[in-house]
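What you see below is based on every heavy atom in this structure, not just the backbone, and it leaves out hydrogens, waters and symmetry mates. Only a predicted model underlies this, so the values are computations on that prediction, with no experimental measurement involved. Read the numbers this way: they start at 1 and go in the same order the structure lists the ligands and their atoms.
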Amino acid sequence: MKEFEVKIKVVEATDNELPEQLRKLVDTARQATERSYAPFSNFHVGAALLLSNGEIISGSNQENAAYPSGTCAERTCAFYAHSTYPQEKFVAIAVAARDTSGEFVDDPVAPCGACRQVLLEFEKTSGQPVRVILCGKDRVFMLDSVQDLLPLAFVDFD
Ligand code: THU
């Protein structure tokens, strides 16, 4: 038997410690929460993706009375970005959320498992890491890649 650890690096920062481009990405994710359609959960999530052509694409969670038919902000954003610019790589993604009080959540919000899997596919097929910025009210967590969010993941695109 053998034991090993899988470690990830998380950098915590305040907004004003971020370089300008990432600060803009975080702001865009926060603004996207305003366009969320979340009448069932009242949890408003926004995501913003920086693409390799410099464009920023945003998306929000879009719920549905038939609950599983709704989508998370990250997948709305990723599928929109990739269907609009199929040739561009994802450089970084920021995620932000406001809870039922309407305030941004204190603790940085992290993507669900399904969104991690979807983002990982775009990361793997593009051949370059996608930085991940999880936004809280007064601080963010930064990870070097989507892979860090989903260790020991299923990948199968031979
Ligand atoms: N949600 C997201 O949009 N992204 C996440 O990472 C977690 C959850 C949405 C799904 C649903 O509309 C609401 O938040 C409550 O779960």
- request: Mind checking whether Ala110 contacts ligand 1 via backbone (N, CA, C, O), side chain (CB onward), both or neither, at a 4.0 Å heavy-atom cut-off?
  value: backbone

query: Does Phe43 have Arg98 sitting over its ring (NZ/CZ under 6.0 Å from centre, angle to axis within 45°)?
result: no

Protein contact for atom 1 (N) of ligand 1 (heavy atom, distance under 4.0 Å): yes

- prompt: Do Asp107 and Lys137 meet the salt-bridge criterion of a basic N to acidic O distance under 4.0 Å?
  reply: no

query: Looking at atom 10 (C) of ligand 1, what's its closest protein heavy atom, distance included?
result: Cys72 SG, 3.9 Å

statement: Closest heavy-atom pair, Gln128 versus Phe90, reported as atoms and distance to 0.1 Å, is NE2-O, 4.2 Å

- request: Could you verify whether a donor N or O on one side chain and an acceptor N or O on the other, from Thr71 and Gln62, lie under 3.5 Å apart?
  value: no

query: Among protein heavy atoms, which lies nearest atom 3 (O) of ligand 1, and at what distance?
result: Ala73 N, 2.9 Å

- prompt: Which atoms of ligand 1 sit under 4.0 Å from any heavy atom of Ser41?
  reply: 13 (C), 15 (C)

Test: Asp148 and Lys9 ion pair at under 4.0 Å: no

query: Quick one: does Pro111 get a heavy atom under 4.0 Å from ligand 1?
result: yes

field: No-hydrogen, no-angle side-chain donor-acceptor test under 3.5 Å, Gln31 and Thr28
entry: no

field: Any N or O of Asn61 closer than 3.5 Å to N or O of ligand 1
entry: yes

message: What I want to check is whether the side chains of His44 and Thr33 have a donor and an acceptor closer together than 3.5 Å.
response: no

statement: Ranking Glu63, Gln62, Glu74 by closest non-hydrogen atom to atom 11 (C) of ligand 1, top hit is Glu63

task: Would you please determine whether Cys112 falls within less than 4.0 Å of ligand 1 on a heavy-atom basis?
output: yes

